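Working notes for the structure below.
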Protein chains: 2
Amino acid sequence: MKQPARKFNRIQPDLRREHLVEAALRCLADQGHAGLSVRKIAAEANVSVGLINHHYDGIDRLIAHAYETLSQGIFDRVTGAVAPAVGTARDRFSAFFREYFSPDIFDPKLLGVWVVFWSLIRHSPEMKAVHDRANAAFCAVLEGYLSDLAMERSGGDGGPPPAAARVAAIGLSALLDGIWLQWCLNPDTFTIAEAIAIAESWVDGFVNGGHGRLAG
Amino acid sequence: MKQPARKFNRIQPDLRREHLVEAALRCLADQGHAGLSVRKIAAEANVSVGLINHHYDGIDRLIAHAYETLSQGIFDRVTGAVAPAVGTARDRFSAFFREYFSPDIFDPKLLGVWVVFWSLIRHSPEMKAVHDRANAAFCAVLEGYLSDLAMERSGGDGGPPPAAARVAAIGLSALLDGIWLQWCLNPDTFTIAEAIAIAESWVDGFVNGGHGRLAG
DNA sequence: TTTATTATTGAACGGATGTACAGTAATTGG
DNA sequence: CCAATTACTGTACATCCGTTCAATAATAAA
């Protein structure tokens, strides 16, 4: 027979915060906005209600921390799959898409978490700050990929002006977000293969100079 | 001096429901998820708390009705701006974009409402049904526009196969959603003019056959 | 005018929420 | 080994939530 679990399970604050963040993400994934509750998160993490207010100034702070953590994790994962100097710039896009359109990302539960975060941005400066940072970083990466692609194609002699790469990156970012959103809201309307085709096709259009209008 | 407002203000059920929907949308626009409350909506509509449960089986039904109403309104407005047989098919896209990228649509408050709706889809079959219907209708319209465009360009002799139009419509729909989402979450990263350029550029790419990969 | 119907009110109820706080125990430093 | 620190528990409190329901009043029907 096992002895009763210890009531006071003391661990390092950093580790505890990590556990709380994971519990919060699980609650949001399972229950959406209804999972955004001190009591539910505490139960999920097997701790008492009061502990959250000991480690965070309030539940809003915990949620912001969870947003930051998840956001960073996805960024690292997706960009980490693209080796910087291997293959052509065009190949790097395919590698990027292969990671982006994976079951871990294209998961209705993940979007469920994200949508709750989005709903909090407009009324929480803290959440907005996390979003702005993550979004800027993501667009910057895409802009780098696109610049490489333009350079590679033109051989360095007068590729598209830098302004085009910035707007193009915003366009691609929006396209990827939109595909992710629509597929997760209803996975039955199109397949992942079709989603990849849409993204690859957009890059083809960029390579073929079809986006010249963006230079203006 | 004005006499005190009558306590019992009786109106037709249809009109009352309309008022309740409008009040609900105002609450969501102003307070996000926090505005999703019987008491706040009732106060906004200047009625008692109990009235909502008299006209709807529960607040979820009211929200679903609000989703349906807003969704239909936007659809009518955006598609209504495109006269069917005037100008070229390419011109029709520009007319469509002019309406879509208008301040009434590109309004952070409107996205704030929408994001709450999205967050409810996964746990409410009713909300999901509204979304699926609206989304299918929107994609069908875009597919029609794209078919016209392909027809116009090829003169009717062997334009892109129908399958391409379907996937292309999904891609354009995702692009428009993504631009809307990103701009509303942070209107400072790019301008509406740039947003229009991105959309127009996508259509240019479609016209120039840059999306051949989508034929599957 | 009388009756039936129903839109509307507002109080009541049980339950869930976030935060505050006094008490408890595990760790750390001397 | 003792003291100080702090991670942790669990109750208490005030507030909000959605729904129910008897009472009320405005309209429609007869």
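We name chains A, B, ... by the order of the sequence lines, and we start the count at 1 in each one. Every value quoted in this text rests on a predicted model; they were computed, and no experiment measured them.
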Is there a donor on the side chain of B:Arg16 or the base of C:dT8 sitting less than 3.5 Å from an acceptor on the other?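 Flag unset: no donor-acceptor pair detected.
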
Send over the distance from [X] [atom1] to [N] [atom2], rounded to a whole Å.
X       : N      : atom1 : atom2 : answer
A:His55 : D:dA7  : NE2   : P     : 6 Å
A:Arg17 : D:dC8  : CZ    : P     : 10 Å
B:Gln12 : D:dT27 : CD    : P     : 10 Å
B:Leu20 : D:dG18 : CG    : C1'   : 15 Å
A:Arg61 : C:dG18 : CZ    : P     : 16 Å
A:Ile41 : C:dT17 : CD1   : C1'   : 12 Å
B:Arg10 : D:dA23 : CZ    : C1'   : 14 Å
A:Arg6  : C:dT27 : CZ    : C1'   : 11 Å

Contact class for [X] (heavy atom, under 4.0 Å): base, sugar-phosphate, or nothing?
X       : result
A:Leu36 : sugar-phosphate
A:Leu62 : nothing
A:Ile11 : sugar-phosphate
A:Val49 : base
A:Leu51 : base

Ring centers of A:Trp183, A:Phe101 separated by less than 6.0 Å: no

Can we call the ring centroids of B:Phe117 and B:His131 under 6.0 Å apart? no

Is [X] near enough to [N] that one of its side-chain N or O atoms lies under 4.0 angstrom from OP1 or OP2?
X       : N      : result
A:His54 : D:dA7  : yes
B:Ser37 : D:dG18 : yes
A:Lys40 : C:dT17 : yes
B:Lys7  : C:dG10 : yes

Starting the side chain at C-beta, find the nucleotide from [options] nearest to [X].
X       : options                : value
B:Arg39 : C:dC13, D:dT9, C:dA26  : C:dC13
A:Ser48 : D:dT19, D:dC8, C:dT8   : D:dC8
B:Phe8  : C:dG18, D:dT19, C:dT8  : C:dT8
B:Val38 : C:dA25, D:dT19, D:dA26 : D:dT19
A:Ile59 : C:dT19, D:dT9, C:dT8   : C:dT19

Can we say B:Glu200 and B:Arg90 salt-bridge, meaning some charged N sits less than 4.0 Å from an Asp/Glu carboxylate O?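 A salt bridge links B:Glu200 with B:Arg90.
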
Intermediate values then yes/no, salt bridge (Lys or Arg N to Asp or Glu O under 4.0 Å), B:Glu143 and B:Arg166: CA-CA 6 Å; B:Glu143 187 174 336; B:Arg166 182 190 139 263; over 6 Å; no

What's the spacing between A:Ser48 OG and A:Asn9 CG if we round to 0.5 Å? 11.5 Å

Axis-to-axis angle across the helix from C:dT1-D:dA30 to C:dG30-D:dC1, five pairs an end, to 10 degrees?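 End-to-end axis angle: 10°.
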
Whether the A:Gln182 and B:Ser173 side chains hold a donor-acceptor pair (N or O, under 3.5 Å, no angle test) is what I'd like checked. yes

Where do B:Lys128 and B:Asp132 land on the salt bridge (Lys or Arg N to Asp or Glu O under 4.0 Å) test, with the steps shown first? CA-CA 6 Å; B:Lys128 170 127 171 56; B:Asp132 287 353; 2.8 Å; yes

Determine the interplanar angle of the A:Trp202 and A:Phe206 rings, folded into 0 to 90°, and report it as parallel if under 30°, tilted if 30 to 60°, perpendicular if over 60°.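 A:Trp202 and A:Phe206: parallel rings.
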
Which residue, B:Tyr145, B:Phe106, B:Trp180, forms the ring-ring contact (aromatic ring centres under 6.0 Å, His included) with B:Tyr100?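 The single option meeting the ring-ring contact (aromatic ring centres under 6.0 Å, His included) with B:Tyr100 is B:Phe106.
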
Whichever of B:Ile52 and A:Asn9 has its nearest DNA chain D nucleotide further upstream toward 5':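 Closer to the 5' end of DNA chain D: A:Asn9.
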
